Amino acid sequence: MVRHVLFTVLLLISVTKGFATHIVGGEIYYTCLGSNNYQITLKVYRDCLNGQAPYDNPAYVGVFNSSGTLLQTLSLSFPGSAQLPPTINNPCYSPPGGGVCVEEAIYTTTVNLPPIPGGYVLSYQRCCRNNTILNLVNPGNTGATYTIQIPDQSLAVCNSSPRYDNFPPIFICQGAPLVFDHSATDPNNDSLVYELCDPYDGASSGAPQPNPPAGPPYSFVPFLSPYSGSYPISSNPAFAIDPQTGMLTGTPNMIGQWVVAVCVKEYRNGQLLSVNKRDFQFNVLPCPLLTIASAPAQNLNCSGLTVNFQNASFNANSYHWDFGVASLQNDTSNQTSPTYTYSTPGSYLVTLICNPGTLCADTDTTTFNVYPLLQPSFVAPPGQCIVGNSFNFTAAGAFQGNGTFSWSFGANATPSTSSSQNVSNVTYSASGSYLVSLTVTENGCTKTYTDTVFVYPMPTAIFDTALLFGCVPYTVQFNDLSIAGTPLSYFWDFGDGNTSTQASPIHTYTQVGVYTVTLIVATSNGCISSDTLIIPGMVTVNPTPTAGFGVDSISVSVFHPVINFSDVSSGGDTCYYDFGDGTFSTDCNLQAHTFPNYGYYTVTQYVYNNFGCPDTMRITVEVRPEFRYWIANAFTPNGDGLNDIFMPSIMGVENFTFYIFDRWGELIFESNSIYKGWDGTYKGNKCQQDTYVWKIAFNDLPTGKGHDYIGRVTLIR
């Protein structure tokens with residue numbers, strides 16, 4: 001069904017017989033005839049099934065001033081009613097006979113209303129509504145008020161109010177999108193604005209036709225949560241009305257009866273003159289046989305040229321899409337919910353045919369506005385010094401330029417915001433890093449791009465300024481502590497004729513003296529500025545003594561391990577030796593030192609002056625390993641202290657063993673120490689005077705070679 005107005009008058013007889021039929025809608029409006037004469041028109045709609053209350057004859061319209069005081073009651077004679085024919089533009093469905101009956105009565109009268117302050121209010125009231133309505137509390141005892149205001153003539157002389165062009169369909173299909181032109185006509189061509197609104201309650205079951213009607217203000221009907229004037233019916237998407245065109249749209253998703261109200265507001269030169277509030281009743285029914293094509297319009301298309309089409313059709317078996325590119329024949333698809341990428345932006349009339357080529361085909365056309373992908377950006381300008389800073393920003397990236405621009409430059413910025421595409425001379429009152437954002441809104445899409453700009457403080461030259469003392473050569477690590485938000489260049493002057501451009505240099509002073517250190521820092525990115533720090537006498541370099549000594553030999557025998565030293569150091573106040581054998585001497589004039597054993601020894605001389613500056617000298621000397629032995633052929637162990645112990649005199653050996661045997665070969669003595677000999681006893685008893693056999697075995701130290709010697713000794717008593 002090609003739709004400019006889509007509505008379905010569909011009623012299953014078995015369902016409609018359960019509906020209680022009363023007032024189902026109405027409106028009141030007026031037309032100025034001149035000379036303060038007005039034609040009043042009251043339209044009332046009702047169900048016309050069996051056994052219901054007839055139309056009012058007459059119908060009473062109250063005329064009130066702006067304070068609600070009744071001025072007169074108009075009696076409008078019943079003009080007769082006409083049944084509205086059910087129609088549907090679909091070859092696959094015919095409305096059931098006898099199950100649909102909606103009547104319209106149009107009452108008119110003419111009245112003279114001379115100008116009064118505040119104008120007039122015209123009101124008609126009637127009760128009651130169907131008690132099967134789903135969105136009201138106690139709907140069977142809820143009435144209706146149709147009212148409109150004639151404005152003060154200081155606002156508009158001889159004004160005529162707007163009136164609606166078409167009455168909405170009473171019956172609509174569950175799940176079928178509704179697109180209904182609910183627009184109105186204004187005889188004065190005033191500006192009209194449409195909205196969904198709350199219907200007025202009025203009258204009661206005890207007094208269903210008040211004469212006269214009650215005066216304003218009027219209360220609203222009691223909606224049952226979650227329903228309201230702006231959400232009057234269970235639907236997805238929700239019912240909505242275009243405020244400019246009056247096009248009523250939505251898809252009902254629950255079977256039942258619902259009260260809906262639409263207001264059209266009349267403006268002239270920005271001044272509200274009147275509001276025509278019309279309410280009506282929707283009956284939502286299942287339509288199991290009806291094929292409906294529905295290609296929902298896009299809410300926003302912010303994804304560029306690629307569109308994902310949604311399909312809200314129902315009761316369809318096949319589909320044919322035409323994406324509306326006039327120059328192409330192959331811009332089509334038979335998928336249920338296809339995706340298509342347009343080559344250029346534009347406005348395209350998209351056609352969806354359900355069940356193409358069959359009697360029950362239905363067609364929907366929807367205009368899709370396709371825009372290029374919105375991707376704003378900008379190039380962050382280089383950082384600048386706080387003094388005299390001024391930044392320029394230029395919007396870049398992908399946008400059409402027909403939308404709005406919104407810049408936010410962050411704290412301490414002047415200006416802080418801007419709606420211009422390009423902005424010049426943005427200044428900051430404090431240094432720091434600032435997030436700058438550009439938001440572009442066009443074609444219903446909004447995108448934001450953010451980057452950072454830097455405002456650098458004035459540089460301050462700082463380094464560790466503690467006074468330093470050292471001995472030549474003196475190596476110093478200088479540590480930069482300068483303050484700046486931008487990279488710096490450095491110039492160090494160490495005071496001894498040497499310089500450096502490093503941030504934290506290491507410098508070695510090679511001459512004794514007192515030196516002044518200077519640091520100059522200069523910004524090197526975005527701003528030009530420098531600062532200098534001078535520390536007089538920061539570095540003191542003291543002299544170092546000279547260690548020196550000599551030896552009479554660097555290699556001596558273990559049999560005479562003595563080396564003579566001679567001190568030749570200079571400039572020192574204290575001096576000591578480390579002989580490398582675990583012994584020390586604080587007498588640098590020491591003449592000789594005896595080493596305890598063979599081996600290599602590193603002798604170190606330490607010299608200090610009164611500044612605590614040291615110097616050292618090292619010489620490595622050798623005590624050579626050698627071996628020798630001698631042994632007697634007799635001994636006299638008589639306790640006189642002379643020749644009482646028999647043992648070899650031996651040196652320069654290791655792994656030493658010493659044995660004594662008697663003449664029968666029995667071992668009577670054994671020792672592994674070169675310092676322990678035989679005292680002429682065996683097991684505590686004195687041995688007799690005789691000749692005994694001795695044996696010694698060892699390895700010599702110089703070569704490690706093993707030696708065995710055997711001989712005789714005479715024990716003399």
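Note that the structure is predicted; figures quoted are calculated from it, not measured. The analysis underlying the following values was restricted to heavy atoms, covering all of them including side chains, and did not include hydrogens, waters or symmetry mates.
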Is the His182-Tyr164 ring centre distance short of 6.0 angstrom?
-> yes
Any Leu373 side-chain heavy atom under 4.5 Å of Leu305 side chain | no
Polar contact flag, side-chain donor to acceptor under 3.5 angstrom, Ser234-Asn253 = yes
Residue pair Gln149 / Ser274, side-chain donor-acceptor N/O under 3.5 Å = no
Determine whether the side chains of Tyr342 and Thr306 contain a donor N or O and an acceptor N or O closer than 3.5 Å.
-> no
Donor on one side chain, acceptor on other, Ser230 and Ser228, under 3.5 Å = yes
Hey, would you say the Tyr449 and Phe378 ring centroids sit under 6.0 Å apart?
-> yes
Check: Val44 main-chain N/O paired with Tyr55 side-chain donor or acceptor under 3.5 Å | yes
Grab the two heavy atoms, one from Leu134 and one from Gly256, that are nearest each other, plus how far apart they are.
-> CD1-CA, 3.7 Å
Give the minimum heavy-atom separation between Ser418 and Phe409, together with the two atoms involved.
-> CB-CE1, 4.0 Å
Under 3.5 Å, is there a donor-acceptor pair between the Tyr319 and Asn355 side chains?
-> no
What residue among Tyr348, Tyr340, Phe368 forms ring pair (Phe, Tyr, Trp, His ring centres under 6.0 Å) with Phe323?
-> Tyr340
Is there a donor-acceptor contact under 3.5 Å linking the side chains of Thr439 and Ser406?
-> no
Which pairs with one or both residues in residues 241-265 pass salt bridge (Lys or Arg N to Asp or Glu O under 4.0 Å), sequence neighbours excluded?
-> Glu195-Lys265
Any side-chain heavy atom of Pro222 within less than 4.5 Å of one from Thr142?
-> yes
Ser161 backbone acceptor or donor facing Arg163 side chain under 3.5 Å | yes
Can you see which heavy atom on Ala105 is nearest to which on Phe78, and at what distance?
-> CB-CE1, 3.9 Å
Does Pro177 offer a backbone N or O that forms a donor-acceptor pair with the side chain of Ser294 under 3.5 Å?
-> no
Rounded to the nearest 0.5 Å, what's the gap from CD on Gln174 to OG on Ser235? Could you check?
-> 12.0 Å
Here the gap from Leu155 atom CG to Asn159 atom CG, rounded to the nearest 0.5 Å, amounts to 9.5 Å
Within a strict 4.5 Å, meaning less than it, do heavy atoms of the Leu42 and Ile106 side chains meet?
-> no
Ignoring hydrogens and geometry, is there a side-chain-to-backbone donor-acceptor pair from Asn276 to Pro162 under 3.5 Å?
-> yes
Okay, side chain of Arg129, backbone of Gly143: is any donor-acceptor separation there less than 3.5 Å?
-> yes
Check whether the side chains of Asn141 and Ser205 place a donor and an acceptor atom closer than 3.5 Å, and report yes or no.
-> yes
Look only at the side chain of Lys277 and the backbone of Asp198, and say whether a donor-acceptor pair between them is shorter than 3.5 Å.
-> yes
Is a donor on one side and an acceptor on the other found under 3.5 Å between the side chain of Glu442 and the backbone of Gly401?
-> yes
Expected output: side-chain Trp407 to main-chain Val436 donor-acceptor under 3.5 Å = no
Going by heavy atoms in the side chains, are Leu122 and Thr147 under 4.5 Å from each other?
-> no
Is there a donor-acceptor contact under 3.5 Å linking the side chains of Thr145 and Gln125?
-> yes
State whether the side chain of Asn188 and the backbone N or O of Ser160 hold a donor-acceptor pair below 3.5 Å, judged by distance alone.
-> yes
Minimum heavy-atom separation for Asp56 to Pro58, with atom names?
-> CB-O, 3.5 Å
Does Phe280 reach the side chain of Tyr45, with side-chain heavy atoms less than 4.5 Å apart?
-> no
For the residue pair Thr336 and Asn311, confirm or rule out a side-chain donor-acceptor distance under 3.5 Å.
-> no
Keeping the roles fixed (side chain from Thr441, backbone from Thr404), state whether a donor-acceptor pair exists under 3.5 Å.
-> no
Any salt bridge (Lys or Arg N to Asp or Glu O under 4.0 Å) pairs touching residues 184-193, not counting sequence neighbours?
-> Asp190-Arg268
No-hydrogen, no-angle side-chain donor-acceptor test under 3.5 Å, Ser347 and Asn369 | yes
Closest non-hydrogen atom pair between Gln244 and Tyr194, with its separation = O-CE1, 3.7 Å
Do Gln329 and Asp331 have a side chain donor and acceptor closer than 3.5 Å?
-> no
Compute whether any side-chain donor of one residue and acceptor of the other, for Tyr146 and Asp279, lie under 3.5 angstrom apart.
-> yes
For residues Tyr120 and Tyr38, determine if any side-chain heavy atom of one lies less than 4.5 Å from a side-chain heavy atom of the other.
-> no
Decide whether Asp165 and Ser183 meet the rule of one side-chain donor and one side-chain acceptor closer than 3.5 Å.
-> yes
Taking the side chain as every heavy atom from C-beta outward, state whether Val379 and Asp451 have any atom pair closer than 4.5 Å.
-> no
State, yes or no, whether a side-chain contact exists between Phe180 and Phe167 at a heavy-atom distance under 4.5 Å.
-> no
What are the two closest heavy atoms between Leu192 and Val264, and how far apart are they?
-> CB-CG2, 3.9 Å
Below 6.0 angstrom between ring centroids: does that apply to Tyr124 and Tyr107?
-> no
